[in-house]
Protein chains: 2
Amino acid sequence: MQYTEEPTNAVEDDRRQMLGGFIRAQRQIANLSLRQLSAMTEISNPYLSQVERGLHEPSIRVLKSIADALNVSAEILFEQAGLISGTEKLGDEATESAVRADQRLTEAQRHALLAVYRSYIETNRKES
Amino acid sequence: MQYTEEPTNAVEDDRRQMLGGFIRAQRQIANLSLRQLSAMTEISNPYLSQVERGLHEPSIRVLKSIADALNVSAEILFEQAGLISGTEKLGDEATESAVRADQRLTEAQRHALLAVYRSYIETNRKES
DNA sequence: GCAGGGTGCTTGACATGCCAAGCAAAAGAT
DNA sequence: ATCTTTTGCTTGGCATGTCAAGCACCCTGC
């Protein structure tokens, strides 16, 4: 079962650097020092420094606090982190995502709505 | 500045459990064994098991591979993980917006969907 | 001059993510 | 019945995320 070498490493290095750079840029735009951001995020300033320089891949928790503190939509950060790979699919899936995320619907209602929605899509596809 | 004890712990425990449960559900729906998913994601099956049971908080990398392998938009996973803090900001209107903007629906279908959606919201409001 | 408070960074040490090896139980297959 | 395969899981250990303490530098005021 040949393990697949690792084409990941170089790529991930780049991603960390990009993500870090992005965070640093945002922080500077917001005119915050590492310690100030540290206070807001409850994350140690040394670690923030390391993350910004791409020395570490922050955890989900950390990434989210940073996004919150910097007033950057988390999605944008994730995109920078190479997470949301493309936004390509997002267009088509926007409705499904929104429905699934809708806190005001019950589970059953979500399913029902999605079922209706999908049937529409399917219908339109056949008729085209 | 008394640090606030840790209200995080319980909350995060819950989140991990929810996220894990969601992943497990998606995997089972896709009819995949832990080892199969493991092969697709290049993540060890024991660790997947632990993540699904909420014993560990997966890293970004791991979360993304899982999302890809399960064909779940990463955003949805993040939302389950409590990342995208809630769609709160786009918030209550996200679903309506998405439906209105959906190019794949006809005008009539949009109206129908919105009508159903609104009736759900209304129903829930009364019942609360 | 030199206090003091601001900046970013380095460095050990601890917590946690993550994996390889291996195990118990269930489902077939012979 | 037993052999095999496949399932999920436990465990010990290496790798990595994270922090507290402390360092070097740049200011601004005394």
Side-chain angles (χ1 to χ4, degrees), chain A residues 1-6 8-13 15-17 19-67 69-70 77-78 81-83, chain B residues 1-6 8-9 11-13 15-17 19-21 23-67 69-70 77-78 81-83:
Chain A
M1 178 78 75
Q2 302 285 73
Y3 49 81
T4 56
E5 191 58 33
E6 74 288 72
T8 35
N9 216 338
V11 175
E12 293 208 349
D13 273 5
R15 280 200 180 141
R16 279 198 308 229
Q17 294 250 131
L19 174 63
F22 182 75
I23 292 176
R24 173 152 294 190
Q26 290 302 120
R27 175 175 63 83
Q28 288 171 341
I29 288 174
N31 247 342
L32 292 171
S33 76
L34 277 176
R35 279 175 173 60
Q36 287 172 318
L37 183 58
S38 168
M40 303 170 68
T41 55
E42 311 234 311
I43 292 159
S44 77
N45 70 81
Y47 187 58
L48 284 177
S49 167
Q50 289 167 325
V51 166
E52 290 188 349
R53 283 175 298 150
L55 302 183
H56 284 292
E57 166 168 321
S59 75
I60 296 175
R61 214 186 62 246
V62 166
L63 206 51
K64 171 162 172 45
S65 359
I66 294 177
L70 291 179
L77 261 196
F78 299 152
L83 275 177
Chain B
M1 177 81 70
Q2 300 286 68
Y3 48 80
T4 54
E5 191 55 36
E6 73 287 70
T8 36
N9 217 340
V11 174
E12 294 209 348
D13 273 4
R15 280 198 180 142
R16 280 197 307 227
Q17 294 248 131
L19 174 63
I23 292 176
R24 173 153 293 188
Q26 290 301 121
R27 176 174 63 83
Q28 287 171 341
I29 287 175
N31 247 343
L32 293 170
S33 76
L34 277 176
R35 279 177 173 73
Q36 287 172 318
L37 183 58
S38 169
M40 304 169 68
T41 54
E42 312 236 311
I43 293 158
S44 77
N45 70 81
Y47 188 58
L48 284 176
S49 167
Q50 289 167 324
V51 165
E52 288 187 350
R53 283 175 299 150
L55 302 184
H56 283 292
E57 167 168 316
S59 75
I60 296 175
R61 213 185 64 245
V62 167
L63 206 52
K64 172 161 174 44
S65 349
I66 294 177
L70 291 179
L77 262 196
F78 299 151
L83 273 178

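Values in this document were obtained by computation on a predicted structure and should not be read as measured data. In the text below, chain A, chain B and the rest are named by the order of the sequence lines, each starting its count at 1.
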To the nearest 10°, give me the bend of the helix from dG1(C)-dC30(D) to dT30(C)-dA1(D), comparing the axes of its five terminal pairs at either end. 0°

Counting primed atoms, P, OP1 and OP2 as sugar-phosphate and everything else as base, the B/S/- map of nucleotides 20-26 of chain D against protein heavy atoms under 4.0 Å is BB-----

Does dT16(D) have OP1 or OP2 sitting under 4.0 Å from an N or O in the side chain of His56(A)? no

Using a heavy-atom cut-off of under 4.0 Å over every strand shown, decide if Glu57(A) touches base, sugar-phosphate, or nothing. sugar-phosphate

With Ser65(B), which residues qualify under side chain to side chain donor-acceptor pair (under 3.5 Å), at least two apart? none

Where along residues 24-34 of chain A does a heavy atom fall under 4.0 Å from DNA chain C? Arg24(A), Arg27(A), Ser33(A), Leu34(A)

Would you please name every residue forming a side chain to side chain contact (heavy atoms under 4.5 Å, CB included) with Gln36(A), sequence neighbours left out? Leu32(A), Ser33(A)

Hits for side chain to side chain donor-acceptor pair (under 3.5 Å) against Thr41(B), two or more places apart or cross-chain, chain-then-number order -> none

Base, sugar-phosphate alone, or nothing: which one does Val62(A) contact when heavy atoms must sit under 4.0 Å apart? sugar-phosphate

At a 4.0 Å cut-off to heavy atoms of chain B, the contacted part of DNA chain C spans dG17(C) to dG22(C)

Please determine whether a side-chain nitrogen or oxygen atom of Arg61(B) lies at a distance below 4.0 Å from atom OP1 or OP2 of dG17(D). no

Residues forming a side chain to side chain donor-acceptor pair (under 3.5 Å) with Arg35(A), sequence neighbours excluded: none

ring-ring contact (aromatic ring centres under 6.0 Å, His included) pairs touching residues 32-55 of chain A, sequence neighbours excluded, are Tyr47(A)-His56(A)

